[in-house]
Amino acid sequence: MNEIKLQIKDTEIDVGLKREYTFVQISDMHLSYIDNESSEEDKNDHVRYHKQWDIMKRDFATKFNEHCDESYDVEPAVIFEILCDYAESLKPDALILSGDIIDRVTESSLRYLEKTLSKIKVPVITCLGNHAMINVNGEHFNQYDRIKRVVANPEMDSFDFGEFEILTFDNGRPDITKEQINYLKNKLKEDKRYILVVHKPLNIGEFSKRLISEIGSYFFMGTDKDTELAKEFISIIKQNNDRFIAVLCGHIHTAKDFEIAEKVCDYVEKNG
């Protein structure tokens, strides 16, 4: 096997908290897993999606002028387990999975994720990505009933760290729901600061606008193509930017740190 290379980015921010916190973020692994219980259809799809992912990795590396050679041709599940071990070795306050950890929601991939995450001895915070949906005749449907065995509250959730909370929202779909809007509004009534975890980066600030011109609006939330509820979600973030410590996201498959408002930074992490 070729030597496995990991791309790990360290980011430090001083936001005036009482103590230091460490979070490890993993995003967009796009792993596909098969086992002895997998159907023949899933086994065939696994081969097809793995080939597609190899092409996609190289495409994104080219777009962002990043190195990618045969040493990266490793099953995503192998990389994911190495990253999880690395994350656990740091003894972080939490491991954050910011979407598209699995490429498709299959029973074997869910079994694998359930088993792997159960071994991790630090808190795991997960939000979903666009690959958690299914597309039927152009309509997108969530698969929350299946995913709840791995992610208890897939649509939105909160995790209390005392002097701040981490909020997760599933924004991998083309829309935001009214329930998510109301949840965010109610959270902002509390005397708290927040870290927001979503999958799609938020288009707030000049840097994201420049990046959209390079790679397209598909990769961002907060464009003219958004629904009214999605625009309202972005507007609430803008209006309350002093309440947010950071936004953690994924989806564009590269590592970027950029300001999305005067006091809010958007941290986009790529897979290993």
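All values below come from the heavy atoms of this structure, side chains included, with hydrogens, waters and symmetry mates left out. Residues: numbered from 1 along the sequence shown.
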Task: Any side-chain heavy-atom pair of F80 and L97 under 4.5 Å - done: yes

Open item on the list: Applying a strict under-4.5 Å side-chain criterion to I, L, V, M, F, W and Y, I'd like to know whether I102 and V47 cluster together.
Closed with: no

TODO: Quick one: pull up CG in L184 and CZ in F169 and give me the separation to the nearest 0.5 Å.
DONE: 4.5 Å

TODO: Decide if atom CG of N186 counts as having more than 12 heavy atoms of other residues, nucleotides or ligands within a radius under 6.0 Å.
DONE: yes

Open item on the list: Is a donor from one side chain sitting under 3.5 angstrom from an acceptor on the other, for S118 and E114?
Closed with: no

Task: Derivation of the side-chain contact (heavy atoms from CB on, under 4.5 Å) call for N241 and K238 - done: CA-CA 5 Å; N241 71 78; K238 286 183 177 180; over 6 Å; no

Open item on the list: To the closest 0.5 Å, what do you measure between NZ (K200) and CZ (F220)?
Closed with: 11.0 Å

TODO: Answer yes if the side chains of D28 and H251 hold a donor-acceptor pair under 3.5 Å, and no otherwise.
DONE: no

- [ ] Ignoring hydrogens and angles, tell me if any N or O in the side chain of R193 forms a donor-acceptor pair with the backbone of V15 under 3.5 Å.
- [x] yes

Task: salt bridge (Lys or Arg N to Asp or Glu O under 4.0 Å) pairs, two or more places apart, involving residues 155-168 - done: D160-K192, E165-K187

Task: V105 reachable from M133 in the ILVMFWY side-chain graph, under 4.5 Å edges - done: no

Task: 4.5 Å side-chain heavy-atom contact, I96 and I26 - done: no

Task: Verdict with reasoning, F161 to F23, per side-chain contact (heavy atoms from CB on, under 4.5 Å) - done: CA-CA 12 Å; F161 288 85; F23 297 102; 3.8 Å; yes

- [ ] Calculate, to the nearest 0.5 Å, the distance between atoms CD1 and CD belonging to I237 and Q239 respectively.
- [x] 10.0 Å

Open item on the list: So does T223 get a backbone contact from the side chain of D226, meaning a donor-acceptor N/O pair under 3.5 Å?
Closed with: yes

Open item on the list: Looking only at side-chain N and O atoms, does Y112 offer a donor or acceptor that is under 3.5 Å from a partner on E81?
Closed with: yes

TODO: For D100 and H199, test the side chains for any donor-to-acceptor distance below 3.5 angstrom and give the result as yes or no.
DONE: yes

Task: Heavy-atom pair of closest approach, residues H30 and D103 - done: ND1-OD1, 2.7 Å

Task: Any donor-acceptor N/O pair, S109 side chain to T106 backbone, under 3.5 Å - done: no

Task: Residue pair V151 / T126: nearest heavy atoms and the distance that separates them - done: CG2-CG2, 3.7 Å

TODO: Using a 4.5 Å cut-off on heavy atoms from C-beta on, say whether the side chain of I79 contacts that of M29.
DONE: yes

- [ ] List the atom of C127, the atom of V198, and the distance in Å for their closest heavy-atom pair.
- [x] SG-C, 3.7 Å

TODO: Measure across A87 and L95 and return the closest heavy-atom pair with its distance rounded to 0.1 Å.
DONE: CB-CD1, 4.0 Å

Task: Close side-chain approach of I245 to I13, heavy-atom, < 4.5 Å - done: yes

Task: Donor-acceptor contact below 3.5 Å, side chain N182 vs main chain E179 - done: no

Open item on the list: Under a 3.5 Å distance rule, please check whether Q25 uses its side chain to pair with a backbone N or O of L248 as donor and acceptor.
Closed with: no

Open item on the list: Could you check whether any side-chain N or O of N240 sits under 3.5 Å from a backbone N or O of I236, counting only pairs where one atom can act as donor and the other as acceptor?
Closed with: yes

Open item on the list: So L196 and L202, do their side chains get closer than 4.5 Å, heavy atoms only?
Closed with: yes

Open item on the list: What I'd like to find out is whether the side chain of F244 reaches to under 4.5 Å of the side chain of L188, using heavy atoms alone.
Closed with: yes

Open item on the list: Between V197 and L167, does the side-chain contact (heavy atoms from CB on, under 4.5 Å) criterion hold? Intermediate values first, please.
Closed with: CA-CA 6 Å; V197 180; L167 304 180; over 6 Å; no

Open item on the list: List the residues meeting side chain to side chain contact (heavy atoms under 4.5 Å, CB included) with E107, not counting sequence neighbours, and say none if there are none.
Closed with: L110, R111, R146, R149

- [ ] Could you tell me whether the side chain of N153 and the main chain of M156 form a donor-acceptor pair under 3.5 Å?
- [x] no

TODO: Output all residues satisfying ring pair (Phe, Tyr, Trp, His ring centres under 6.0 Å) with Y194, sequence neighbours left out; order by chain, then residue number.
DONE: none

- [ ] Would you confirm whether H46, through its side chain, and I34, through its main-chain N or O, come within 3.5 Å as a donor-acceptor pair?
- [x] no

- [ ] Would you name the heavy atoms of Y33 and S108 that are closest together and state the gap between them?
- [x] O-OG, 2.6 Å

- [ ] Can you measure from CG (L113) to CG (L31) and round to the nearest 0.5 angstrom?
- [x] 7.0 Å

Open item on the list: Distance check, rounded to the nearest 0.5 Å: R48 atom CZ versus S32 atom OG?
Closed with: 10.0 Å

Task: Ionic contact status for R19 with D93, cut-off 4.0 Å - done: yes

Task: Residue pair C249 / P201, side-chain heavy-atom distance below 4.5 Å - done: yes

TODO: Under the salt bridge (charged side-chain N to carboxylate O under 4.0 Å, His left out) rule, what do E228 and K178 come out as? Steps first, then yes or no, please.
DONE: CA-CA 10 Å; E228 291 306 311; K178 193 64 179 176; over 6 Å; no

Task: Greater than 12 external heavy atoms within 6.0 Å of K43's NZ - done: yes

Open item on the list: How long is the straight-line distance from CG of L83 back to CD of E88, given to the nearest 0.5 Å?
Closed with: 13.0 Å

TODO: Tell me yes or no: between the side chains of S158 and Y183, is some donor less than 3.5 Å from an acceptor?
DONE: yes

TODO: For residues E232 and K185, determine if any side-chain heavy atom of one lies less than 4.5 Å from a side-chain heavy atom of the other.
DONE: yes

- [ ] Indicate the atoms forming the closest heavy-atom contact of K148 with P154, along with that distance.
- [x] CG-CD, 3.8 Å

